[in-house]
Amino acid sequence: MAYIDLDNLRSVFLDDAALKQRRLSRQRAGMLQITSGRIVACDPLVQPERPAFARALAQRGGHAVDVILGSVPALAVLWLRERAGLDAAALHWEPALLDGESADMLAGDAFYGYPVDAGMGCFMDAQTGPAIGERDGLESAAPGYVSYYDDVLAPELGEGDMADHYPLGQGSANNVVVFRSGWGDGSYPSFWALDAAGEPVALVTDFLTIEGGDARDADDRRGEAYLASLSSEKIAALEALGDAAERGDADAVRSLLAAGVAGANEIVPSSGETAISSAIRRDRTTALRVLLGNGPCPPMPEALHMKGVTSYPAYARFLKTPRDPALLAVLDAAQQRAQGRVPASAPPASRAAAPSKPFWKRWLS
């Protein structure tokens, strides 16, 4: 079975709200003028002469091109019919092949794709390639000419590095709709969406930057699932506890823990850390002593693990700025209780907290 991620391909049919839930968005890249019915997908700066796909289209005239964006372009789609009138579930998909290529020759995750060496992809009619060559010939005769990208295309690239480019100028017959190719160079497959009669309704290039039609990674999904599992009361209590730990307000920490809604070792949604890790990061010894009480040091949540750092004592010693020895003693005592050993008394707190920094700098400092 050759490579095909149907969830990726079907995501081009989602509305804007559904795309947003998956951390995706849609941007119109241009209107492709189909003049011959033969479509080329390629890196226009490297291979504008690439052959057209074998399938010939009946459609002519202007057809919308959209790019589905995650952190980078994920998919590009040429609409051969209006998206609003299509039922994605009723469509079937097949690889977009050149003459001489056969899907029967593909196995595993193999695919036929177009090569990218300049970080750009496009859709164009087969009659556009010669127009690019003609424009390049005209421009290259000028003194100081650098490249088609620098001298011709770059000034037209707008938001998201997309362009509806007419090589021979606006008003000429042929254009090329250009966009960034995902993370850049590589080889990228395209697929036809076909209706029940086998007629193409869309052509989609997959830039292989997402899986399952979703730009969220596993950590993102876990975080969203965790947030959805919390009541508004629980969220408010966790945020208050995290804030109290940040400030080193031991009385507020004690009161919030006594209320029994928020726990010291639960993730605070806004910060992504626990009250315990906040107290360690901010060097709040007294607050940490209240958070840990006389109990054992709890295991650090897996979401906070880093390479070689999987416990709170290890985290405290990992930080760039040395922690208060009294804070380390509190942690070591709690860790000994966790291991079934009776610790010595921890000395009192002695140092003030460091100033606030952005989260990831704070987490590691």
Side-chain angles (χ1 to χ4, degrees), residues 4-41 52-53 55-97 121-126 128 158-166 170 173-182 188-216 224:
I4 185 169
D5 187 328
L6 290 175
D7 291 325
N8 273 5
L9 300 176
R10 290 169 179 157
S11 70
V12 303
F13 294 92
L14 296 174
D15 61 26
D16 290 347
L19 287 172
K20 186 176 181 180
Q21 289 180 342
R22 301 173 183 216
R23 299 195 182 178
L24 296 168
S25 63
R26 184 191 320 277
Q27 187 171 334
R28 179 60 47 86
M31 295 290 293
L32 180 66
Q33 300 300 322
I34 301 177
T35 55
S36 72
R38 302 293 300 279
I39 303 300
V40 176
F53 292 120
R55 180 181 290 275
L57 304 177
Q59 289 89 342
R60 298 294 187 273
H63 293 266
V65 174
D66 288 341
V67 174
I68 304 300
L69 297 159
S71 57
V72 294
L75 302 135
V77 52
L78 167 63
W79 295 107
L80 303 172
R81 291 189 203 164
E82 289 291 330
R83 176 173 61 90
L86 297 171
D87 178 6
L91 302 176
H92 65 282
W93 298 82
E94 66 177 36
L97 304 175
C122 79
F123 292 125
M124 64 181 175
D125 188 273
T128 308
E159 182 182 356
D161 286 336
M162 303 176 194
D164 191 342
H165 172 59
Y166 283 78
Q170 290 289 337
N174 296 106
N175 68 328
V176 50
V177 180
V178 184
F179 31 79
R180 287 287 175 188
S181 55
Y188 303 109
S190 300
F191 301 87
W192 297 107
L194 307 174
D195 66 13
E199 293 299 316
V201 300
L203 175 64
V204 180
T205 298
D206 185 346
F207 290 121
L208 312 179
T209 64
I210 62 173
E211 295 180 355
D214 199 322
R216 297 171 296 177
E224 291 177 10

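- Residues L78 and V177 are not in side-chain contact: their nearest non-hydrogen atoms beyond the backbone lie 4.5 Å or more apart.
- The backbone N or O of D164 sits nowhere less than 3.5 Å from a side-chain atom of N175 that would complete a donor-acceptor pair.
- The distance from the CD1 atom of I68 to the CZ atom of F179 is 11.5 Å, given to the nearest 0.5 Å.
- Checking side-chain atoms of N8 against main-chain N and O of I210 turns up a donor-acceptor pair under 3.5 Å.
- Counting heavy atoms from C-beta on, the side chains of L203 and L57 never come closer than 4.5 Å.
- Across all their heavy atoms, R38 and F53 have their closest contact at NH2-O, 2.9 Å.
- Residues R81 and L86 meet the side-chain proximity criterion, which asks for heavy atoms closer than 4.5 Å.
- For Y188 against S181, the heavy-atom pair with the smallest separation is OH-O, 3.7 Å.
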Please step through side-chain contact (heavy atoms from CB on, under 4.5 Å) for the pair V67 and L75, ending with a clear verdict.
CA-CA 6 Å; V67 174; L75 302 135; over 6 Å; no

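- Ring-centre distance between F13 and W79: below the 6.0 Å cut-off.
- D195 approaches H92 most closely through the heavy-atom pair O-CE1, 3.3 Å.
- Each salt bridge (Lys or Arg N to Asp or Glu O under 4.0 Å) pair with one or both residues in residues 197-209, not counting sequence neighbours, would appear here, but there are none.
- Partners of R55 according to the salt bridge (Lys or Arg N to Asp or Glu O under 4.0 Å) rule, which considers only residues two or more places apart in sequence or in another chain, are E94.
- With contacts defined as side-chain heavy-atom distances shorter than 4.5 Å, the pair V40/C122 does not qualify.
- Between S190 and T205, the shortest heavy-atom contact is OG-OG1, 2.7 Å.
- A donor-acceptor pair is defined here as one N or O able to donate and one able to accept, closer than 3.5 Å; such a pair exists between the side chain of R26 and the backbone of L14.
- Counting heavy atoms from C-beta outward, S25 and L19 have side chains that stay 4.5 Å or more apart.
- Of all the heavy atoms in V77 and A202, the pair that sits closest is CG2-CB, 4.1 Å.
- When the side chain to side chain contact (heavy atoms under 4.5 Å, CB included) test is applied to D161, the partners found at least two apart in sequence or on another chain are L157, R180.
- Proximity of W192 to L80: side-chain heavy atoms (C-beta onward) are separated by under 4.5 Å at one or more points.
- Here the straight-line distance linking atom CG of D5 with atom CZ of R10 works out to 9.5 Å at 0.5 Å rounding.
- Put simply, the side chain of R22 gets close to the backbone of G213: a donor and an acceptor are under 3.5 Å apart.
- Without hydrogens or angle criteria, H63 side chain to R60 main chain gives a donor-acceptor distance under 3.5 Å.
- With contacts defined as side-chain heavy-atom distances shorter than 4.5 Å, the pair I4/L9 qualifies.
- Between V65 and F123, the shortest heavy-atom contact is CG1-CD1, 3.9 Å.
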Quick one: do L32 and D125 satisfy side-chain contact (heavy atoms from CB on, under 4.5 Å)? Show the steps, please.
CA-CA 8 Å; L32 180 66; D125 188 273; 5.5 Å; no

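- Contact check on D66 versus R83 returns no salt bridge, with no Lys/Arg side-chain nitrogen under 4.0 Å from an Asp/Glu carboxylate oxygen.
- L24 CG to R216 CZ: the interatomic distance, rounded to the nearest 0.5 Å, is 9.0 Å.
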